[in-house]
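The first residue in the sequence is number 1, and the count goes up from there.
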Amino acid sequence: MLKIKRTPYRFANILGVLTLLIIHFVVKEYNFLSALLYYMFPLPVLIAIILFLSFFLDKTFKKIYFLIAAILLFIWLGRSFKINLSETIKPNDLEVVFWNASRKRGFLDAFEQNKGVPDVLVIAEGLKNNLEALKRDYPDYHFYVFKKEIAIFSKTPISGIEKIIGSYGTTIIKFEVNTINFFAVDVSGSIDVPRKWSLDFINTHLENKKNKIILGDFNTPVESKFFKDIKTHFNHAFNQKGNGFRETWCWNIPLLSLDHIWVSKDLKIVKTQKLGTFKSDHSMLRTYIRK
């Protein structure tokens with residue numbers, strides 16, 4: 001009787017693992033539902049699920065599950081753990097920082113986390129900003145805040161500000177600093193809004209693919225096929241010059257790469273760093289750009 005009961009359970013166990021593997025490696029973002037599952041079960045989560053389910057199987061299947069987990073771990077490390085040689089930062093290199101402040105922090109928290117005042121800082125979801133006090137304490141610098149969704153700081157003047165609001169919660173702020181065009185984005189994190197809509201919306205407004213930096217919380221992992229057009233014309237700052245795990249979410253656990261800095265290929269990425277913090281569920285990204 002026990003053997004009869006165990007057989008259906010083992011079948012369900014194996015079927016569940018196979019389904020998750022097929023979604024991740026084959027189906028991916030084929031449709032809205034599969035895309036949600038693809039984002040919900042990144043490789044670290046798949047590895048944890050497989051190891052957990054292995055304890056309910058006999059020795060033979062347990063060994064198979066351990067082998068699958070080891071292969072997935074190898075794939076994950078190959079994708080996410082970066083080793084790059086950074087160059088020496090020169091005085092004229094532009095220090096650019098992005099941080100999703102998780103609706104609890106502001107410019108001063110970002111300066112503290114960055115251990116200094118960068119040349120350009122973009123904050124998403126930063127609510128703790130007193131512009132009058134900031135302008136008084138930093139009279140020679142420049143600030144811009146849009147509805148507490150995207151906040152911008154620069155040591156030099158900010159010009160050409162243009163607000164573009166999508167129909168499904170995605171916000172784009174275009175601006176220029178030091179003759180470089182910036183494209184700050186905050187993609188809707190709502191689970192009922194397909195990421196394809198948001199990325200298509202961004203792509204339609206990328207008229208110029210040169211002398212441009214795109215940065216923000218895309219709420220979309222870098223492996224997504226919806227980044228195809230951006231990957232064609234831009235370099236991913238962390239992939240190019242970052243070290244360590246690329247994932248920026250959540251709470252210093254490397255689960256998903258949701259925050260990105262993309263740099264047009266005519267600009268040089270000198271160095272990129274991910275700064276872990278418990279002041280937000282998102283890590284901070286810092287990169288140095290040379291014209």
Side-chain angles (χ1 to χ4, degrees), residues 19-20 22-46 79-80 98-105 122-127 145-152 161-175 182-207 209 212-234 236 238 246-251 253-262 280-285:
T19 300
L20 291 175
I22 290 171
I23 289 172
H24 189 87
F25 291 102
V26 181
V27 179
K28 297 184 178 181
E29 297 161 299
Y30 177 75
N31 56 34
F32 176 63
L33 178 59
S34 68
L36 280 180
L37 295 173
Y38 179 65
Y39 304 146
M40 289 171 58
F41 297 101
L43 284 180
V45 174
L46 280 182
R79 284 181 181 177
S80 300
F98 172 75
W99 188 32
N100 182 319
S102 191
R103 301 190 181 279
K104 298 178 183 178
R105 313 292 175 180
V122 174
I123 299 177
E125 301 182 12
L127 299 184
V145 175
F146 174 68
K147 292 185 177 180
K148 299 182 180 180
E149 294 180 20
I150 294 179
I152 301 166
I161 296 175
E162 181 181 353
K163 301 178 286 293
I164 306 172
I165 312 302
S167 300
Y168 302 99
T170 295
T171 301
I172 300 171
I173 304 295
K174 297 166 68 175
F175 64 98
F182 284 81
F183 208 77
V185 307
D186 186 18
V187 171
S188 171
S190 177
I191 62 172
D192 60 346
V193 177
R195 296 299 179 268
K196 184 180 186 304
W197 295 355
S198 298
L199 270 295
D200 285 348
F201 173 72
I202 292 171
N203 287 329
T204 58
H205 290 87
L206 284 175
E207 304 92 354
K209 307 294 196 303
K212 187 184 292 290
I213 297 173
I214 311 170
L215 70 172
D217 178 5
F218 287 78
N219 272 305
T220 309
V222 71
E223 297 86 4
S224 172
K225 68 179 182 180
F226 304 133
F227 281 117
K228 181 179 178 180
D229 188 62
I230 291 178
K231 289 177 180 178
T232 301
H233 300 96
F234 296 83
H236 190 273
F238 197 89
R246 180 180 59 199
E247 288 80 2
T248 58
W249 186 84
C250 65
W251 296 113
I253 301 172
L255 291 182
L256 288 168
S257 302
L258 300 182
D259 308 279
H260 310 286
I261 299 177
W262 299 90
S280 170
D281 56 336
H282 291 250
S283 295
M284 175 180 283
L285 287 174

* Structure fact -> Between Asp217 and Leu258, the two heavy atoms sitting closest are OD1-O, 3.5 Å
* Donor on one side chain, acceptor on other, Thr232 and Asp229, under 3.5 Å -> no
* side chain to side chain donor-acceptor pair (under 3.5 Å) partners for Trp249, two or more places apart -> Asp281
* **Contacts of type side chain to side chain donor-acceptor pair (under 3.5 Å), residue Asp259, not counting sequence neighbours** => Thr248, His282
* Partner set under side chain to side chain donor-acceptor pair (under 3.5 Å) for Tyr39, not counting sequence neighbours -> Glu29
* Taking every non-hydrogen atom, the tightest pair across Ile152 and Val122 -> CG1-CG2, 4.4 Å
* Structure fact -> For Phe41, the ring-ring contact (aromatic ring centres under 6.0 Å, His included) test, sequence neighbours excluded, returns none
* Asked: Taking atom CD of Glu162 and atom CD1 of Ile164, what is their separation to the nearest 0.5 Å?
  -> 4.5 Å
* To do: Return the minimal non-hydrogen interatomic distance between Ser280 and Ser102, and the atom names on each side.
  => OG-CB, 3.2 Å
* Of all heavy-atom pairs between Ala184 and Phe175, which one has the smallest distance, and what is that distance? -> CB-CE2, 4.1 Å
* **Spacing of CG belonging to Leu43 relative to CG belonging to Leu256, to within rounding of 0.5 Å** => 10.0 Å
* Structure fact -> For Ser257, the side chain to side chain contact (heavy atoms under 4.5 Å, CB included) test, sequence neighbours excluded, returns Val222, Arg246, Glu247, His260
* Nearest-0.5 Å distance, NZ of residue Lys225 to OH of residue Tyr38 -> 10.5 Å
* Check the surroundings of atom CD1 in Ile161: do more than 12 heavy atoms from other residues, nucleotides or ligands lie under 6.0 Å from it? => yes
* Does Asp186 reach the main-chain N or O of Ala124 with its side chain, forming a donor-acceptor pair under 3.5 Å? -> no
* **Qualifying residues under side chain to side chain contact (heavy atoms under 4.5 Å, CB included), relative to Ala151, sequence neighbours excluded** => Phe107, Ile123, Asn129, Val145
* Partners meeting ring-ring contact (aromatic ring centres under 6.0 Å, His included) with Phe183 (sequence neighbours left out) -> none
* **Whether over 12 other heavy atoms sit under 6.0 Å from Phe25 CZ** => yes
* Could you go through the side-chain contact (heavy atoms from CB on, under 4.5 Å) check for Val187 and Val193 one step at a time? => CA-CA 10 Å; Val187 171; Val193 177; over 6 Å; no
* To do: State yes or no: are the ring centers of Tyr168 and Phe201 separated by less than 6.0 Å?
  => no
* **Partners passing side chain to side chain contact (heavy atoms under 4.5 Å, CB included) against Glu149 (at least two apart in sequence or in another chain)** => Phe146, Lys147, Thr171
* To do: Tell me, please, which residues at least two apart from Thr19 pass side chain to side chain donor-acceptor pair (under 3.5 Å).
  => none
* To do: Would you sort out whether Leu206 and Ile214 count as a side-chain contact (heavy atoms from CB on, under 4.5 Å), showing the intermediate values?
  => CA-CA 9 Å; Leu206 284 175; Ile214 311 170; 3.6 Å; yes
* Atom CZ in Phe234, atom CZ in Phe227: separation rounded to 0.5 Å? -> 12.0 Å
* **Point-to-point distance, once rounded to the nearest 0.5 Å, from CG of Asn100 to CZ of Arg105** => 12.5 Å
* Of the non-hydrogen atoms in His205 and Lys174, which two are nearest, and what is the gap between them? -> O-NZ, 4.2 Å
* To do: Over 60° means perpendicular and under 30° means parallel, so classify the ring planes of His236 and Trp262, tilted if in between.
  => perpendicular
* Does any N or O in the side chain of Thr170 come within less than 3.5 Å of the main-chain N or O of Gly166, such that one atom is a donor and the other an acceptor? -> no
* Ile253: partners by side chain to side chain contact (heavy atoms under 4.5 Å, CB included), with sequence neighbours left out -> Leu255
* Between CG of Leu199 and CZ of Phe218, what distance do you get to the nearest 0.5 Å? -> 7.0 Å
* Asked: By salt bridge (Lys or Arg N to Asp or Glu O under 4.0 Å), which residues pair with Lys212, not counting sequence neighbours?
  -> none
* Nearest non-hydrogen partners of Thr220 and Ser224, listed with the distance -> CG2-CB, 3.5 Å
* **Test salt bridge (Lys or Arg N to Asp or Glu O under 4.0 Å) applied to Lys196 - qualifying residues, sequence neighbours left out** => Asp200
